[in-house]
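Chain identifiers are assigned alphabetically (A, B, ...) following the order of the sequence lines, protein sequences preceding nucleic acid strands; residue numbering begins at 1 within each chain. Computed from a prediction, not measured in an experiment: that's the story for all the values here. The figures here come from the full heavy-atom set of this structure, side chains too, leaving out hydrogens, waters and symmetry mates.
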Amino acid sequence: MNIFNLYLEKIKSILIDLGKKKKIIIPETFDAINAEIPPPKFDCDISTNVAMVLSKINKTSPLELAERLVPEIKKNDGFIDIIKIEKPGFINIKFKALFWSNFTKDIIENSKNFGKNLKEKKYNYLVEFVSANPTGPLHVGHCRGAILGDVISNILIFNNHKVTKEYYVNDYGNQIINFTKSVYYRIREVKFNEDFPKDNPDLYPGDYLIEFAKNIVSSNSNFKFENYDDISEKLTILSIEQALLLIKKNLKSLGINHNNFVSEKSIVLNNEVENVVKFLEKNKFVYKGKIKAPAVENDNNWVEREQLLFKSTEFGDDKDRALQKSDGSWTYFASDVAYHKNKVDRKFDYLINILGADHAGYIKRISSSVEAISGKKDKLICKISQLVKLIKDNKPFKMSKRKGDYITVDDLIEEVGKDATRFIMLNRSSDVELDFDFDAVKEKSKDNPLYYVQYCYARISSVFRHINKDLNSEIEFDRYDFEYSRDEIKILKKISEWPKCIDSSSSKLEPHRIPVYLYELASEFHSYWNLGKQNPEKRFINKNNIISPDKLVFLKVVSNVIKSGMDIIGVDSPEKM
RNA sequence: GCGCUUGUAGCUCAACUGGAUAGAGCGCCUGACUUCGGAUCAGGAGGUUCUGGGUUCGACUCCUAGCAGGCGCACCA
């Protein structure tokens, strides 16, 4: 139950009614009207701006209009205790204690659905994320986007949308040739004791390739490795297979599972690039032309050439983009357009791409292509995950490009664990650079928000253990007429914000709101818990080791929201720590 | 030079699609422990929301002109 939406709907229907009776003038749209969380100092539960929004069209002051609306809102509503008008024209509502008892009843009876937005229309989403080149293990740079994509998917799934999580495998092009050659040199190193050509800048120097080489050699004993050209095709496949194996292992350790891995090579070999170019030609989005040199300094090497271009400027890009290289082969962009055509043809309502900050400049052209293909402007939604700055011993930790000198997902998981990695990476808005402090993340105290939230859940679990009840089993009551105390209502109010939190996380694709919310909820709970130290009445369990029904329901509700939030962000809620 | 993006307390960041006196944590200062698990809590100090204009009942949020940081600006992927 989203109590804010409930009262917003109620207010809207009052407005429609009053409009019919010609008592007030109503606007064309109610979009500007809201029902919000009031600032704490007002001591009320819901606040609406309706009087301020409608005052102009009604040629009256917000205060005067509020005076007229208040009796209408209060009429026939047994739950409202106080309804008050505040300064510029807000209408503030405070509920009776019974309202909150009823509120908890609703949650207990629909515990699986609490927080979900079930009224919203359901869509079919494709979320593409990670899509790191299949040339080596995932490192920290990939991590944030990976988690972001995973949790955005989880939020959409939580709201009963259909989601397909997809990884686009760039298994085609020059880098793959270089990668395969690198593996080949490692094989020669393993098999013929030859030195790896370390000074060749085109090759991948990482030590992990030795492992790849060994694996390939041992599982292909009948293979002749003497001549690269003889085996290059097969070796390419084997090398990519090795890389993907490693990447999937890394993803698994982060708690991420993709539904599909789509191969660029298969799209190219399937003539999908030719087909999409034909499609675009037919619709006059393609022409032969020249692109101007970028206005960047020291660019003497620029040669203007005629090539096949896509008219991305028609969709707001600053220059048209090349589809074909001068040697006639397709650009990466061309095959990506084909891939996006492939996505569009699979009839998703929305496509979501999670990109790293260094690919922000790519958004305009790819969304232009999707618009050209689908005719829809908002079909493709791109989310950027900003850089992660690693900090160790209070100093920035630089990953060097020299061989092997970067932190892999394996290192990260081993050092700080999956849960802390996920929680910390999600705790900030994805379009802000993130400081990832190794020492703080490992810290097991309130300095680490992960443990702070988990501890809250563990405390609730410990109460259930004391009274020999199972936290996960259902509870049932005949009557919900609990008189919750001020302190408890304060937390229940926070609970009432949960559906709102899910709503905004989902509509803005901003997962960071969830850990931020969970932290706030945990904070209020810890506060309340500590009251029991001074005042035994505020303890959950009394001297006779008995818990009252209202407190049992209360704990169940809080733990339910925490568990549900932690599940969405993919972090464990242990019952003991 | 152009595009995108960020700018909020000493530091790291929130702020519910424009709401009320801008909130947390860290750090600093005071306090609560024979603990329903202290991995916790209570209190204090700390602000011209980068700057200048504009839009309106109302701006951290929108528009505009700047300033500062980051990223990008290929026929690479």
(message) Less than 4.0 angstrom between a side-chain N/O of A:Lys87 and OP1 or OP2 of B:rA20, yes or no?
(response) no
(request) Report yes or no: is there a donor-acceptor pair, N or O only, under 3.5 Å between the side chain of A:Ser504 and the base of B:rU17? (result) no
(request) Kindly point out which of B:rC76, B:rU12, B:rU21 is positioned nearest to the side chain of A:Lys41? (result) B:rU21
(request) Answer yes or no: is there a side-chain heavy-atom contact under 4.5 Å between A:Lys364 and A:Ser312? (result) no
(request) Quick one: sort the A:Tyr452 and A:Tyr519 rings into parallel, tilted or perpendicular, breaks at 30° and 60°. (result) parallel
(message) With hydrogens left out and only the distance checked, is there a donor-acceptor pair under 3.5 Å joining A:Ser47's side chain and the base of B:rA20?
(response) yes
(message) Using a heavy-atom cut-off of 4.0 Å across all strands, would you classify A:Asn92 as base, sugar-phosphate, or nothing?
(response) base
(message) Quick check: any donor-acceptor pair below 3.5 Å linking the side-chain of A:Asn530 to the base of B:rU40?
(response) yes
(request) May I ask you to evaluate whether A:Lys389 reaches the phosphate of B:rG70, defined as a side-chain N or O under 4.0 Å from OP1 or OP2? (result) no
Kindly give the atom pairs (protein nitrogen or oxygen, nucleotide nitrogen or oxygen) under 3.5 Å for nucleotides 65-68 of chain B.
none

(request) Return the orientation label for the A:His142 and A:His139 ring planes: parallel under 30°, perpendicular over 60°, tilted otherwise. (result) tilted
(request) Tell me whether the OP1 or OP2 atom of B:rA15 has a side-chain N or O from A:Arg513 closer than 4.0 Å. (result) yes
(message) Counting the atoms with a prime plus P, OP1 and OP2 as sugar-phosphate, which does A:Phe4 contact under 4.0 Å by heavy atoms, base, sugar-phosphate, or nothing?
(response) nothing
